[in-house]
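Structure first, then comments.
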Amino acid sequence: MTSGEAEVAVAAPEKNEKPGTDKKRRRLISGPGMLLVWLYGVMVVGAVSRSAVQISTEFDKAPLAYTLSAVAGLVYAFITYSLVRGGDTARRAAFVCCGLELAGVLIVGTWTLVEPSAFPDATVWSDFGVGYLFIPILLPLSAMYWLRKGVLQRQQPEG
């Protein structure tokens, strides 16, 4: 077991595991993972509530921006769920989703700088997340590093 990760018994088996076995699932929310869950949780609340208000009150003003903010909120929610769920499958899903999140931030961030008229109002990922203190660009990088580091540490033989 690596530092910062605990093991807990779970009732639901991982994929490719025989039902009825009592395999332990590695938690992803201890140590730095807890901070990631907290930050992703804050981003879920921020992105979903902001987009819900904007979509319900002024969708015709900037439909693309508000839809992208809603998508960002859903991405944050899935990553949060994956981190809380734990296990190797959830770790892989979170890693892939963080990669997609990073791609979205880079694409939308660049798009808002190159063609600002396409976004009459800001999204969560506009200007690489400047409205959210650049957390949208730093969070997936941090999460991917942490998720990858945990896999590499588990693969090293104990000595």
Side-chain angles (χ1 to χ4, degrees), residues 1-8 14 25-59 61-156:
M1 182 174 4
T2 62
S3 63
E5 288 189 10
E7 292 186 16
V8 293
E14 285 286 326
R25 178 182 296 155
R26 290 192 184 275
R27 293 187 61 195
L28 302 178
I29 59 169
S30 55
M34 186 57 97
L35 177 61
L36 287 173
V37 168
W38 186 84
L39 287 171
Y40 270 112
V42 168
M43 294 303 291
V44 169
V45 172
V48 169
S49 60
R50 173 184 177 164
S51 64
V53 168
Q54 290 172 324
I55 288 171
S56 64
T57 61
E58 51 190 11
F59 185 71
K61 179 181 172 187
L64 178 60
Y66 302 152
T67 303
L68 286 173
S69 288
V71 168
L74 294 175
V75 169
Y76 295 143
F78 180 78
I79 294 170
T80 304
Y81 168 76
S82 295
L83 291 173
V84 170
R85 180 166 171 20
D88 289 336
T89 303
R91 180 183 295 275
R92 284 190 296 273
F95 188 85
V96 168
C97 205
C98 286
L100 294 173
E101 173 195 359
L102 181 60
V105 173
L106 293 173
I107 291 167
V108 172
T110 302
W111 191 1
T112 56
L113 294 176
V114 172
E115 186 60 44
S117 63
F119 295 89
D121 203 355
T123 73
V124 174
W125 295 340
S126 291
D127 302 320
F128 306 106
V130 71
Y132 287 81
L133 305 174
F134 296 104
I135 291 173
I137 192 134
L138 297 174
L139 199 53
L141 292 171
S142 303
M144 290 172 73
Y145 172 76
W146 183 76
L147 289 165
R148 184 69 183 143
K149 182 180 172 194
V151 168
L152 293 175
Q153 284 177 345
R154 280 200 335 249
Q155 291 174 349
Q156 293 176 352

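All figures in this text were calculated on a predicted structure; none of them were measured in a lab.
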Evaluate side-chain contact (heavy atoms from CB on, under 4.5 Å) for Phe78 paired with Glu101, printing each intermediate quantity in order. CA-CA 11 Å; Phe78 180 78; Glu101 173 195 359; over 6 Å; no
Looking only at heavy atoms, what is the nearest atom pair of Ala72 and Ala47, with distance? C-CB, 4.5 Å
Heavy-atom donor-acceptor pair, Thr110 side chain to Ile107 backbone, under 3.5 Å: no
Approximate separation, where rounding is to 0.5 Å, of Tyr145 OH and Cys98 SG: 15.0 Å
Does the side-chain contact (heavy atoms from CB on, under 4.5 Å) test come out yes or no for Phe95 and Arg148, once each step is laid out? CA-CA 8 Å; Phe95 188 85; Arg148 184 69 183 143; 4.0 Å; yes
Value rounded to 0.5 Å, distance of CG in Leu35 from OG in Ser142: 8.5 Å
For Tyr81, does the OH atom have more than 12 heavy-atom neighbours from other residues, nucleotides or ligands under 6.0 Å away? no
Taking the side chain as C-beta and beyond, is there a heavy-atom pair between Ile137 and Leu106 under 4.5 Å? yes
Are the side chains of Asp121 and Glu58 in contact, using a 4.5 Å heavy-atom criterion? yes
Determine whether a donor-acceptor pair (N or O, by modelled atom type, separation under 3.5 Å) exists between the side chain of Thr112 and the backbone of Asp127. yes
Measure the spacing between CG of Leu83 and CG of Leu36 and express it to the nearest 0.5 Å. 6.5 Å
Just wondering, do Leu100 and Val75 contact through their side chains at under 4.5 Å, heavy atoms? no
What is the ring orientation for Trp125 with Tyr76, classed by angle as parallel under 30°, tilted 30 to 60°, or perpendicular over 60°? perpendicular
Rounded to the nearest 0.5 Å, how far does CD1 of Ile55 lie from NZ of Lys61? 14.0 Å
Using the side-chain contact (heavy atoms from CB on, under 4.5 Å) rule, take Trp38 and Thr80 through it: C-alpha gap first, then chi angles, then the decisive distance, then the call. CA-CA 8 Å; Trp38 186 84; Thr80 304; over 6 Å; no
Spatial distance of atom CZ (Phe128) from atom CG (Leu138) [nearest 0.5 Å]: 12.0 Å
Minimum heavy-atom distance between Thr67 and Pro63, given as atom pair plus value: OG1-O, 2.7 Å
Go through Val105 and Leu139 one step at a time and tell me if the side-chain contact (heavy atoms from CB on, under 4.5 Å) criterion holds. CA-CA 11 Å; Val105 173; Leu139 199 53; over 6 Å; no
Please determine which of Leu113, Leu64, Leu68 meets the side chain to side chain contact (heavy atoms under 4.5 Å, CB included) test together with Val108. Leu68
May I have the step-by-step check of side-chain hydrogen bond (donor to acceptor under 3.5 Å, both in side chains) for Glu115 and Ser117, ending in yes or no? CA-CA 5 Å; Glu115 186 60 44; Ser117 63; 2.3 Å; yes
Where Val124 and Met43 come nearest, the two heavy atoms and their spacing: CG1-CE, 4.0 Å
Taking every non-hydrogen atom, the tightest pair across Ala122 and Ala65: O-CB, 4.2 Å
Is Arg91 reaching over with its side chain to a backbone N or O of Leu147, donor-acceptor style, under 3.5 angstrom? yes
Quick one, Ser126 and Tyr132 - any side-chain contact, counting heavy atoms below 4.5 Å? no
